[in-house]
Amino acid sequence: MDFRFDILVEYIPFFVKGTLLTIGLSLVGILIGTVLGLLIGLGKMMRNKPIAFLCSCYITFFRGTPLYVQLLLIHFGVVPLLTGNTNGILASIIALSLIAGAYISEIFRAGIQSIDKGQMEAARSLGMNHVQSMKDVILPQAFKRMIPPLGNEFIVLIKESSLASLVAAPELMYYGRALGSQYFRVWEPYLTAALIYLVLTTSLSYLLNRLERRLATE
């Protein structure tokens, strides 16, 4: 196999640029998805049946359909409806945020429900209302238990961001495909992209494990 390092050197600035956008898309997606997931997760647990039903429908749709399909619908349908033009980066952020919100909502729901009900009763007996009890008592305890699954979701989101190249968002895989198309090569662009994704995910796994161990000792 004739592995050409010269074309990789040529594309280093593009791979760096693409990696930065991959990280940016993943960070924005996980941040918006976390907020959305908390709201959807709490909504699903509400006694208000219409709200709980809508939240359940949201989770079912985004967990039950491929991100590939969601991304295309948002890129060619939702974004032009909102802005008048297609925008790969905006479509990718929306798609990643929505699917992350669906999965994170279940993480929040499971984490909250894992806390003993007596904790809520004790907080209410101290004069706290439901919102205060949830914010100051339940969520801080649940958050420690949610770190591993939240970390896994972030890792998954980094890998799923590679689909953004399909809508011309100039992230890591976009430049990998560009290199492959320009030189009709397979090993150089895709092995390089795979190694960069591996470095990103293993680094994040290491940091999350450190954070989990630190919180476990507090």
Side-chain angles (χ1 to χ4, degrees), residues 8 11-38 40-41 58-76 78-79 87-108 110-111 146-181 185-212:
L8 287 183
Y11 262 79
I12 283 177
F14 299 104
F15 278 123
V16 171
K17 183 179 177 181
T19 301
L20 292 176
L21 183 58
T22 291
I23 295 172
L25 289 175
S26 303
L27 279 173
V28 174
I30 203 70
L31 289 174
I32 298 176
T34 298
V35 175
L36 187 59
L38 175 59
I40 296 295
Y58 170 89
I59 294 170
T60 300
F61 177 80
F62 283 100
R63 293 185 65 179
T65 57
L67 176 59
Y68 178 86
V69 176
Q70 297 167 17
L71 183 59
L72 293 180
L73 285 172
I74 292 170
H75 180 64
F76 292 110
V78 176
V79 172
N87 186 311
I89 294 178
L90 179 58
S92 301
I93 289 174
I94 294 173
L96 292 173
S97 300
L98 290 176
I99 196 168
Y103 282 95
I104 292 174
S105 66
E106 291 294 271
I107 294 173
F108 272 112
M146 291 186 292
I147 288 177
L150 282 174
N152 289 335
E153 178 59 27
F154 195 6
I155 290 171
V156 169
L157 207 65
I158 288 176
K159 293 185 289 185
E160 287 183 334
S161 69
S162 62
L163 288 176
S165 63
L166 297 172
V167 293
E171 45 72 68
L172 175 59
M173 200 59 202
Y174 174 87
Y175 288 112
R177 294 175 64 188
L179 188 155
S181 299
R185 306 289 294 185
V186 174
W187 292 106
E188 293 86 348
Y190 298 129
L191 275 180
T192 301
L195 287 174
I196 294 173
Y197 281 116
L198 182 62
V199 170
L200 291 176
T201 55
T202 52
S203 300
L204 180 60
S205 295
Y206 173 77
L207 293 174
L208 290 169
N209 288 333
R210 289 287 301 272
L211 177 60
E212 187 178 352

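- For Val199 against Thr202, the heavy-atom pair with the smallest separation is O-OG1, 3.2 Å.
- Nearest heavy atom pair, residue Ala169 against residue Leu21, reads C-CD2, 4.4 Å.
- By the side-chain contact (heavy atoms from CB on, under 4.5 Å) test, Val69 pairs with Pro66, Leu73, sequence neighbours left out.
- Ser203 places no side-chain N or O within 3.5 Å of a backbone atom of Leu200 that could act as its donor or acceptor partner.
- Atom CG of Leu67 is separated from atom CG of Leu166 by 9.5 Å, given to the nearest 0.5 angstrom.
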Inset, instruction - Kindly indicate, with the supporting measurements, whether the criterion side-chain contact (heavy atoms from CB on, under 4.5 Å) is fulfilled by Ser105 and Leu36. - result: CA-CA 7 Å; Ser105 66; Leu36 187 59; over 6 Å; no
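- Crowding of Tyr174 atom OH: a count of heavy atoms from other residues, nucleotides or ligands under 6.0 Å not exceeding 12.
- Applying the side-chain contact (heavy atoms from CB on, under 4.5 Å) test to Val16 and every residue at least two apart in sequence or in another chain returns Ile12, Leu20.
- Looking at residues two or more places apart in sequence or on another chain, you find no ring-ring contact (aromatic ring centres under 6.0 Å, His included) involving Tyr103.
- Put simply, CG on Leu163 and CG on Leu71 are 6.5 Å apart, with the number rounded to the nearest 0.5 Å.
- Atom CD1 of residue Ile107 and atom CG of residue Asn152 lie 8.0 Å apart, to the nearest 0.5 angstrom.
- Side chains of Val78 and Gln70 form no contact here, defined as non-hydrogen atoms less than 4.5 Å apart.
- The minimum heavy-atom distance linking Val79 with Asn87 is given by the pair CG1-N, 3.8 Å.
- The ring-ring contact (aromatic ring centres under 6.0 Å, His included) test applied to Tyr11 returns Phe14, not counting sequence neighbours.
- Annotation: side chain of Asn209 is in contact with side chain of Glu212 (closest heavy-atom distance under 4.5 Å).
- Under the side-chain contact (heavy atoms from CB on, under 4.5 Å) criterion, Ile93 pairs with Leu25, Val28, Ile32, Ile89, Ser97, sequence neighbours left out.
- Between Ile30 and Ile104 the shortest side-chain heavy-atom distance falls below 4.5 Å.
- Side-chain atoms of Arg185 and Tyr190, non-hydrogen and from C-beta on, never get closer than 4.5 Å to each other.
- Closest heavy-atom contact between Gly111 and Met146: CA-CG, 4.0 Å.
- Put simply, the side chain of Ser165 never gets that close to the backbone of Met173: no donor and acceptor are under 3.5 Å apart.
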Inset, instruction - Apply side-chain contact (heavy atoms from CB on, under 4.5 Å) to Ile99 and Glu160, showing your working. - result: CA-CA 10 Å; Ile99 196 168; Glu160 287 183 334; 4.2 Å; yes
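- To the nearest 0.5 Å, the span separating NZ on Lys17 from OG1 on Thr22 amounts to 12.5 Å.
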Legend entry - Criterion side-chain contact (heavy atoms from CB on, under 4.5 Å) on Leu8 and Phe15, from CA distance to verdict: CA-CA 9 Å; Leu8 287 183; Phe15 278 123; 4.2 Å; yes
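- Using a 4.5 Å cut-off on side-chain heavy atoms (C-beta onward), Pro148 and Leu208 make no contact.
- With Ile74 as the partner, the side-chain contact (heavy atoms from CB on, under 4.5 Å) test is satisfied by one option alone out of Leu96, Val167, Leu90, Leu98: Leu98.
- Partners of Leu27 under the side-chain contact (heavy atoms from CB on, under 4.5 Å) rule, at least two apart in sequence or in another chain, are Ile23, Phe154.
- Taking all atoms of both residues into account, the shortest heavy-atom contact from Pro189 to Gly176 is CB-O, 3.1 Å.
- The main-chain N or O of Ala178 is never found under 3.5 Å from a side-chain atom of Ser181 such that the two would form a donor-acceptor pair.
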